[in-house]
Novice: 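Take a look at this one; I'll ask things after.
Ligands are counted one by one from 1 in listed order, and the atoms in each one are counted from 1 as well. Numbering of residues begins at 1 and proceeds along the displayed sequence.
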Amino acid sequence: MSILIKNVFFKEEPVDIYIEGNIIKQMGQGLSAQIRADKVIDGTNKAVIAGLVNCHTHSAMTLFRGWGDDMELEAWLSEKIWPYEARLTDEMVYWGARLACLEMIKTGTTCFNDMYWKMDAISTAVEESGLRAVLSSVTLDSSNTQTVSDIVAPIKESHKKAGKFSDRITFALGPHAIYTVSKDIFKWIDSYSKDNNLLIHTHLSETPTEYDNCVKAHGLSPVRYLNSIGLLSPRLIVAHCLWLDSEEIQMLADNDVKVVHNPNSNLKLASGYKFKYHEMKDKGITVGIGTDGCSSSNNLDMIEATKVASLIGKAWRDDPTATPAKEMFKCATVNGGIILRQNVGKVKEGYLADLALVDLNSTAFTPNFNFISNLIYAAHGDNVDTVICNGKILMENRHVEGEEEIMRMATLSARKLFFNK
Ligand SMILES: [Zn+2]
């Protein structure tokens, strides 16, 4: 299969893009005169961007959208999330993940980093949606009742099962957080990740409560604690990291740990908002952007998350130059590719053909003096018109195949989950 995108804006200039198989094979002006492709897309009045990379989410939590907002964290978790997560079936998770993939396609995301229950159902949903993802099965550890081998058996099992899916799906390890996973399990996960060259995806230093409890339990702050048990490594991706001092930032940098900023979730749960982007960047840490799950960010729109990351960075520093749109866009694309170890995040020959075309024929892009500024500050995910992932068209003219059925089945699944009918 080959695709030719004709006359599309890229960095303020019209170009043609030729995709062969799943790779961006050639870019330039006047390609359409020389090349024939199986499918031609007219890019007139559209701009191309690399597909956005959502570096932290819990996809199937789309089912929890609007179910329990504006509550205290403890009450929210114990009344609205945990009792219902215990009732999730494979089918519910599958439709929740299908809905998440649909929403990501509709808003220009082509690759995401997920952590949730029932990874097999999520893998099937991602496989069928056509998206690319790094998937981890969440690990929680109640080691007072379970042995290490009880806890690690399902991890090995889902690793084995992950082999049957296409290479759009990458298996990773998902220890939930330092307050839900014991030292022994973290250590096992680290050595398994080392032996199998797998990424580890966890939450870290998200709230002051987590920080204080960690100091009480271990005499160390969260980052220092993970460092003390040898977990900091280039394979580790940590979401949140709102509560860090400069020594901890240095530890993360020294070990090439990747950090994901989730501004919407942090604001809504009032976890904190002083994400130290500059301090991390200055030390050479790769920072990505995530939405977190729909129970705490309510949508998976990476354009919105990137805008909020920019605005909040300016606000708390009292500095409008602090987090420019261009730099935040790089976090949401290039850095995402680096963090998830995928050859994506750039519109460039040799990169995987994971692209989004943005409709310029809208108020958000009128006038259009600065495309990236308009994209991040004025547009929304629904300005995305066409999405290609792995060289396959997943959305054209804002239509995704089967979208009505996905929304219908996700609504039914949520109803069954919360109301048992
Ligand atoms: Zn999360």
Novice: Roughly how far, to the nearest 0.5 Å, is the CD1 atom of Ile185 from the OG1 atom of Thr147?
Specialist: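 Atom-to-atom, Thr147:OG1 and Ile185:CD1 are 8.0 Å apart.
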Novice: Could you point out which residue of Ile3, Ile19, Val8 forms a side-chain contact (heavy atoms from CB on, under 4.5 Å) with Leu355?
Specialist: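 Checked Ile3, Ile19, Val8 against Leu355; only one passes side-chain contact (heavy atoms from CB on, under 4.5 Å): Ile19.
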Novice: Does anything in residues 322-334 form a salt bridge (charged side-chain N to carboxylate O under 4.0 Å, His left out)? List the pairs, not counting sequence neighbours.
Specialist: Lys281-Glu327
Novice: Check for me: within less than 2.8 Å of the Zn ion (ligand 1), which protein N/O/S atoms show up?
Specialist: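 You should have found His56 NE2, His58 NE2, His203 NE2, Asp292 OD1.
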Novice: Is any side-chain N of the basic residue among Glu85 and Lys80 closer than 4.0 Å to the acidic one's carboxylate O?
Specialist: no
Novice: Listing request: all salt bridge (charged side-chain N to carboxylate O under 4.0 Å, His left out) pairs with a residue in residues 253-262, at least two apart in sequence or in separate chains.
Specialist: Asp256-Lys258
Novice: Tell me every residue that passes salt bridge (charged side-chain N to carboxylate O under 4.0 Å, His left out) with Glu127, counting only those two or more places apart in sequence or in another chain.
Specialist: Arg168
